[in-house]
Amino acid sequence: MKLYSLFTDWFVIRWLEYLKFNVKSDNYHIDITLNVLDMYNKNGAMVKEFNIFGSRSKTLYLKSTGYYIKNKHENKKKQLYNIDLEKCLYKEQSNNNYFNSTVYLTEKVKAGGTSFNKSIKVLKKDSEASQHIELLFLITKFRLELATEVFVVNFILNNLSKDIEVFVGENAFEQRKNYGSSHEFGYWLNYILDFNGLCNNIKLKNAIYSYFEELHLIFVKRKMFYHDVVGKDKSLINVSGVILIAKAFFRHSLITKDFRFANAGMFLIDFVKQLQINSKGFIQNTFPIHKGNSRYKFPSWTINYFLEVLILKKQVLNEFKNCLIN
Amino acid sequence: MSLKIALLTNYPFVDNVEWKRAFVAACLDKGYDVEAHYGKRDFKSMFFSFLKKRKYNSKLVKKVNSKSVKNVPFFNSLGVTVFQHKNVNFSPAIEKIKSKKYDIIVTALDQILSKNFLNEIDSRVVNVHYGVLPEIKGLSAIEWTYFKYKKCEATLHYINKGIDTGSIIQKKGIEIVKLFSFENLRKEIQSKIPEMLFNFISKIENGDEIKEIDNKGGKLYTFMHPDLLSILIKSNKQ
């Protein structure tokens, strides 16, 4: 089965531009995604990964709607979390609440009375955080009234003014310069939309619209977002990045009622659907990979995001129908 | 002196689009000097173009009926010279087209003309866009125009370096009947193309002023996803 999957994934990625994806309905993909998630759920956390021999990693990741935080002391701290993160994922809520990536951090600080700096140590691995993690902190600070709106807006505007290709390279999880990928970039896009929902800054709204317009242009030209988003090396694809960018496109469409972005997002997730069909509900190759093969299957990150995207797509299709009637 | 007109299009082996035959035949009737230039003559580019269209919008991929009238033999039978190129953006094609010094080049392409082509060619290069300009630029224009404005419109415009950004020459509204299909709308637009082109050509011939409309603004669209398209089609059936 693995060999078959290796071959089909390689084929899908190699012929991405030309292959008509044999995708099934959204409901089918939601069902198989939920089945896989059920296999990996463990008391509000998720097993990080399985390897090809089926042995589980011992690492557990707490689940949130927008970010995964490694949980070293899960049992001790579990009682601090008053929000049901599992339900957050599936329950229909307003856009802001549903997608707010900082709900987790903020609730954690509020519930536990922990100081902000102490709580964010869980996230911050390196002394020099990437831009999207920096933004996550700033949004949390803003929600806790520890940072002003203007400060966060200026931080975002400063980064939006950078060339996308340069920014993607710089914005790396690891402290390796120019090693950032569409994975981190996908987070960044969703965080700026989170903050846009929290504040009402016209300048920021306009800047975000132009930024997405630029991204849409990249999609029109290339029909896919590769590992480095705008690079020419088509052998590198970051699947989780593709999903997160699709998610950002859907969210942006719901806000602006401009369905070009949702249209792009739908084409992006068709590719992921194809990979999921090849891997019996899993989505392989969720880390930056070379020529489409990865030893590990990562259910906790990518599958969750994929489920969110599928749910969002339903909302988008409904909104599209409403616009047509009106 | 009669006008020199070129039809610039692709896929010489399979091209069977009716409006091109009607246009070329009418050009000859009116005494214009008309020639055809075909790009993507090789099987490889034809095959990969087919796959791309099939991937993003299967509705655009027409079945090539072996019994249908092919345009190249038809043009040959009329005595129209047909040039075949690997790609209209490649230097040999550009040099050939440049040397012909056409007054008007009518394009029906599925590719963007290169900057080099537009810099080198000193003719009026025009195209008919199947949507409302300046608002809807790019692909699946019929579908997006219907979604946004509940109408159907063809727009004749000059070609410049952008995508559907050259100034607008003429617009033609197409009446939408109840329970239409997008395939029929496409055919309806195509039936109006020769008329639109001759309006423009006769103005050039008579030296009349052509009022150009600004084509700034608007948004760039791409293939409409089948899930969105199916909602549009369903809404029409209800």
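Protein chains get the first letters and strands the later ones, always in sequence-line order, with residue 1 at the start of each.
- Interatomic distance, B:Leu232 CG to A:Lys321 NZ, rounded to the nearest 0.5 Å: 12.0 Å.
- Taking the side chain to side chain contact (heavy atoms under 4.5 Å, CB included) definition, one finds that B:Ser230 meets it with nothing, sequence neighbours left out.
- Around CZ of B:Phe47, the count of heavy atoms belonging to other residues, nucleotides or ligands within 6.0 Å does not exceed 12.
- Summarising the local packing, CD of B:Glu135 is surrounded by more than 12 heavy atoms from other residues, nucleotides or ligands at distances under 6.0 Å.
- Within a 6.0 Å sphere centred on NZ of A:Lys205, other residues, nucleotides and ligands contribute more than 12 heavy atoms.
- Using a 4.5 Å heavy-atom threshold, the side chains of B:Lys219 and A:Asp258 count as touching.
- Surrounding NZ of B:Lys115 are at most 12 heavy atoms belonging to other residues, nucleotides or ligands under 6.0 Å away.
- Once rounded to the nearest 0.5 Å, the distance linking CD1 of B:Ile231 with CG of A:Leu317 reads 4.5 Å.
- Side-chain contact between B:Ser49 and A:Tyr18: absent, with no pair of heavy atoms (C-beta onward) separated by less than 4.5 Å.
- Ring centers of B:Phe147 and A:Phe259: under 6.0 Å apart, within the cut-off.
- Within a 6.0 Å sphere centred on NZ of A:Lys162, heavy atoms belonging to other residues, nucleotides or ligands number more than 12.
- Of the listed residues (B:Leu228, B:Asp227, B:Ile163, B:Ile112), the greatest number of heavy-atom pairs within a distance under 4.5 Å of chain A belongs to B:Leu228.
- Between A:Lys313 atom NZ and B:His225 atom NE2 the span is 5.0 Å, to the nearest 0.5 Å.
- Taking the side chain as every heavy atom from C-beta outward, B:Trp144 and A:Asn263 approach each other to under 4.5 Å.
- Contacts of B:Lys192 classified as side chain to side chain contact (heavy atoms under 4.5 Å, CB included), with partners at least two apart in sequence or in another chain: B:Lys172, B:Ile174, B:Glu188, B:Glu195.
- With a 4.5 Å cut-off on side-chain heavy atoms, A:Lys20 and B:Lys53 do not count as touching.
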